[in-house]
Structures are given as C-alpha cells and as structure tokens.
Amino acid sequence: MRVLVTGGAGYIGSVAVDSLLADGHEVAVFDNLYMGHKVAVNEQAAFVEGDLANKSEVDALMKEFRPDSIMHFAAYSLVGESVENPFKYLGDNVSNGLNLLQSAVEHGVERFILSSTANLFDDPETIPISESERLVPGSPYGESKYFIERILHWMHRTKGLRYAALRYFNAAGCSEVRGEDHDPETHLIPLILQVALGQREKIMMFGDDYDTPDGTCVRDYIHVEDLAQAHVLALNALTDHEVLHYNLGNGNGFSVKEVVETVREVTGHPVPAEVAPRREGDPGVLIADSTRIREELGWDPKYPDLKSIIESAWKWHSAHPHGYGDSAT
Ligand code: UDP
C-alpha cells in the first residue's frame, strides 16, 4: 500500500516507518520536525517537511503521493502539558487532525490508523482494561484523541473511511537504530536513563499516595517495535474489517518504583530517587487487556517484560547519550 505517515520522524512513527517498509509498503513521511528528527526517517521513505496546520501543504502531498492509507502519529502527547495548556490540545491536536482527515476524504484515502491513548480510561471499572471499558478521557490530551476517534466514527459512517484506533498504554524501549529523543524529555524511562548516564542528579517520582501496592503509579510498558507491528497488522486487517479498536499493552503493570529498580539492575547505577507531588492528569493504574488484537490479528509482542524493554532503551541511550544529536542513526 501507499502509506502517508504523519509524525514519521518521531519516536513511535519512525519505528512504524521501518516496519511498513519491511512489510513492503511505500511510505511518505510528513513531519514539521517540531519534535521529530529528520535523521530518524528511514532513507527509503519520501520525506516532506510540513505542518498539518496548513491544509494546503497536506493537500499538495496528497496530490503528489496519492496515498491509499494514512498513519497519523503527529500530535502533542503530554498529559501534564495538556492540563497546563489545554488549547494546544483541544485546539491544535483536533484542528490538525481535522485538516488531515478532510484532505484524506477529499483525496480518496481508504484507510486511516490513529495513534490513540490509554488516557481515554481515566476511571476504569475493570483492570486490565479492555476495549469494552467506558471511555472517560483523563486530560485535555485524552479528550483530543477522543474527539479524533469520534470524527473517525463519522468519517466512516458518512464517507466510508475504514479506520483503526490504537490505544497505546506506555510506549517504551528502542529499536537497534531508532530511539527516544524528546526535548524537553518528560517520560519516565528516558529520564531515569539520564540519571544513569550522569546527566541528571536524580529522578523525581510523582506521587506515592496512589491506591497501588507501593503508592506510586502503575503503568503497562509496551515496546515501540511491538507497537509498530500492531500498526502494520491493523493496516493490513482493514482489508477485511471496516472499524477496529485495540488496546495495546503487555498486560503487566509496573510501579514507578519498580521501573527505577529495574533501571538500577540493568545499568548498575544507584539512580537516586525522590518523591515529588502528583502530576496533574495522571491516573493511578493503567494496565491493558490486549486479548482482542492478539486473538483477532495474531499480535504477538516480542518484548513481554520490563527488563528487556529497558535493556533495549539502555543500549540505544548509552550509544547515543545526546540522542539524535550524536549520529545519523
Ligand atoms: N513519572 C514520574 N517521574 C517523572 C516522569 C514520570 O514519576 O519524572 C511517572 C508519571 O507520573 C507516570 C509514569 O511515570 O505515572 C509514566 O509517565 P510518562 O510521562 O513516562 O508516561 P505517561 O504515563 O504520561 O504516558
């Protein structure tokens, strides 16, 4: 297929591009490089620097590349920031998604894969969280993804667009050649690895009074290559299915303290840690029930345990202590 990947220079998008190319698809990446890195884009993919806020730029790429499918990764994605600055999310994330979707239906795109989020499950009745759980966005970020899921619902009903909404739990780990490099970094695992690299004095653990065994937040960490594989499976499955919703995680929860401990084990560094106040918008426990995608599409994560995920991240971060600034890979 001919796949347009928005955000294909970013952490998850760049790995998805590699997986798409390995699966024999043609790929064009559209990215404003606000957070992405041009060197992270596979050389076999076409690259266009542009912004979803400018629909004419999107239209031009649609005319030139003529994609039949879109994977949409490009979005602001920080829960905490979205609480501080809600319009960046409720405004930009939604209007950029609308520009993309409108251009997609105008140019005959048939399939759409959305990066959605576990932040749709702020108050789950059942853990692990399956696709039948009620949707309660936990922050303006989660709400922005919910809006796009609803818009997709109507694009399917009114325009016949086939789509998959993939709700990631906590993306983590690195591939051999692609890593996690955000500026500023806010994610737990890369921040702890910065401590292990001597670039940061200590890690602050946000909240130790959650209703969890050790009081710190519990998350389901899923390897970025396993996420990428799920995208390729979902894209191909849209031949036989019109609408897919999947929760993507390993089904195991690890607390912030357990993540810190695992980094100590993997790196051999003592990693000083301190408790800090809760971060706004963070639910206590997020663990996925991914039975549906395993059964329906045969998704089979290759990194089922936290240690192997952190080992893959440590390998990349210790080889690239300053991220993509260090080398072309
Ligand atoms: N976290 C933390 N200290 C940090 C960054 C994150 O304690 O410096 C916690 C955060 O509160 C959450 C978990 O680690 O419970 C994962 O956060 P991250 O930002 O990596 O991913 P998110 O869950 O927001 O997608």
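What you see is a predicted model, and the numbers here were worked out from it, not measured in a lab. Just so you know, residue 1 is the first one in the sequence shown, and it goes up from there.
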Are [X] and [Y] connected, step by step, through hydrophobic side chains (Ile, Leu, Val, Met, Phe, Trp, Tyr) whose heavy atoms are closer than 4.5 Å?
X: I127; Y: V256; value: no
X: I12; Y: V177; value: no
X: V243; Y: V105; value: yes
X: L52; Y: L114; value: yes

For the pair V218 and I287, evaluate side-chain contact (heavy atoms from CB on, under 4.5 Å) and give the outcome as yes or no after the intermediate values. CA-CA 8 Å; V218 169; I287 303 172; 4.0 Å; yes
_Any residue meeting ring pair (Phe, Tyr, Trp, His ring centres under 6.0 Å) with F73, in chain and number order, not counting sequence neighbours_ =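 Per chain and number, F73 pairs via ring pair (Phe, Tyr, Trp, His ring centres under 6.0 Å) with H231.
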So does [Y] get a backbone contact from the side chain of [X], meaning a donor-acceptor N/O pair under 3.5 Å?
X: R111; Y: R162; result: no
X: S290; Y: G249; result: yes
X: S82; Y: V79; result: yes
X: N250; Y: N252; result: no
X: K159; Y: R157; result: no
X: E57; Y: D51; result: yes
X: N247; Y: I129; result: yes
X: N42; Y: V17; result: no
X: R264; Y: V271; result: yes

Shortest non-hydrogen contact from [X] toward [Y]:
X: A40; Y: S14; value: O-CB, 3.4 Å
X: E133; Y: T126; value: OE1-N, 3.0 Å
X: G8; Y: V29; value: CA-CG1, 3.6 Å
X: S175; Y: W316; value: O-CD1, 4.1 Å
X: G325; Y: D181; value: N-OD2, 4.3 Å
X: V5; Y: G13; value: CG1-O, 4.4 Å

Practice task
Determine whether more than 12 heavy atoms belonging to other residues, nucleotides or ligands lie under 6.0 Å from atom CD of Q199.
Solution key: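 Result for CD/Q199: enclosed.
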Item to complete: Could you tell me whether E296 atom CD has more than 12 heavy atoms of other residues or ligands within 6.0 Å of it?
Response: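 Result for CD/E296: enclosed.
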Are the side chains of [X] and [Y] in touch, meaning some heavy atoms are under 4.5 Å apart?
X: Q194; Y: H317; result: no
X: K302; Y: D300; result: yes
X: L101; Y: H72; result: no
X: T212; Y: C217; result: no
X: V232; Y: L20; result: yes

Tell me which pairs pass ring pair (Phe, Tyr, Trp, His ring centres under 6.0 Å) where either residue lies in [range], with sequence neighbours left out.
range: residues 232-274; answer: Y163-H245
range: residues 279-309; answer: H223-Y303
range: residues 22-55; answer: Y34-Y76, H37-Y324

Rounded to the nearest 0.5 Å, what's the gap from [atom1] on [X] to [atom2] on [Y]? Could you check?
X: S95; Y: L90; atom1: OG; atom2: CG; value: 10.5 Å
X: L152; Y: W154; atom1: CG; atom2: CH2; value: 13.0 Å
X: T216; Y: K257; atom1: OG1; atom2: NZ; value: 6.0 Å
X: L297; Y: L244; atom1: CG; atom2: CG; value: 6.5 Å
X: E84; Y: Y89; atom1: CD; atom2: OH; value: 10.5 Å
X: S56; Y: L61; atom1: OG; atom2: CG; value: 11.5 Å

With E106 via side-chain contact (heavy atoms from CB on, under 4.5 Å) - residues at least two apart:
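With neighbours one apart ignored, the set is K55, D59, Q102.
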Checklist entry - Under the side-chain contact (heavy atoms from CB on, under 4.5 Å) test, which residues partner K315, sequence neighbours left out? => result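 side-chain contact (heavy atoms from CB on, under 4.5 Å) list for K315, sorted by chain: E176.
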Evaluation steps, side-chain contact (heavy atoms from CB on, under 4.5 Å), between V94 and F87
CA-CA 10 Å; V94 175; F87 291 107; over 6 Å; no
If you look only at distance, which donor and acceptor atoms sit under 3.5 Å apart when one is on a side chain in residues 136-149 and the other is two or more places apart or in another chain?
| residue | atom | partner | partner atom | Å |
| --- | --- | --- | --- | --- |
| S139 | OG | N119 | OD1 | 2.7 |
| S139 | OG | Y141 | N | 3.2 |
| S139 | OG | G142 | N | 3.2 |
| S144 | OG | N93 | ND2 | 3.2 |
| S144 | OG | Y141 | O | 2.7 |
| K145 | NZ | S115 | O | 2.8 |
| E149 | OE1 | R167 | NH2 | 2.7 |
| E149 | OE2 | S116 | OG | 2.6 |
| E149 | OE2 | R167 | NE | 3.0 |

Does D282 form a side-chain contact (heavy atoms from CB on, under 4.5 Å) with R219? I'd like the steps, not just the answer. CA-CA 10 Å; D282 274 341; R219 293 285 181 274; 3.8 Å; yes
Residue that, paired with Y221, satisfies side-chain contact (heavy atoms from CB on, under 4.5 Å) out of I310, T262, D305, V259
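Single side-chain contact (heavy atoms from CB on, under 4.5 Å) partner of Y221 among I310, T262, D305, V259: V259.
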Any carboxylate oxygen within less than 4.0 angstrom of a Lys/Arg side-chain nitrogen, looking at R278 and D209?
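Salt bridge present between R278 and D209.
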Item to complete: Begin with the C-alpha distance, continue with both residues' side-chain angles, and end with the deciding distance and a verdict on side-chain contact (heavy atoms from CB on, under 4.5 Å) for H156 and H153.
Response: CA-CA 5 Å; H156 171 247; H153 165 82; 5.8 Å; no
Could you go through residues 185-193 and list every donor-acceptor pair under 3.5 Å that involves a side-chain atom there, pairing it with any protein atom two or more places apart or in another chain?
| residue | atom | partner | partner atom | Å |
| --- | --- | --- | --- | --- |
| E185 | OE1 | H182 | N | 3.3 |
| E185 | OE1 | H182 | ND1 | 3.2 |
| E185 | OE2 | H182 | ND1 | 3.2 |
| E185 | OE2 | H187 | N | 3.0 |
| E185 | OE2 | H187 | ND1 | 3.1 |
| H187 | ND1 | H182 | ND1 | 3.4 |

query: For E43, which residues count as a salt bridge (charged side-chain N to carboxylate O under 4.0 Å, His left out) partner, sequence neighbours excluded?
result: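 Applying salt bridge (charged side-chain N to carboxylate O under 4.0 Å, His left out) to E43 gives none.
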Pairs flagged by salt bridge (Lys or Arg N to Asp or Glu O under 4.0 Å) wherever residues 85-99 is involved - sequence neighbours left out:
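Those involving residues 85-99 are E81-K88.
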task: May I have all residue pairs that pass salt bridge (Lys or Arg N to Asp or Glu O under 4.0 Å) and include part of residues 12-35, sequence neighbours excluded?
output: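 Listed by first then second residue: R2-E26, D18-R178.
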Task: Hydrophobic cluster partners of V83 (side-chain heavy atoms under 4.5 Å) - done: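 Reading the cluster by chain and number, V83 sits alone, since nothing else belongs.
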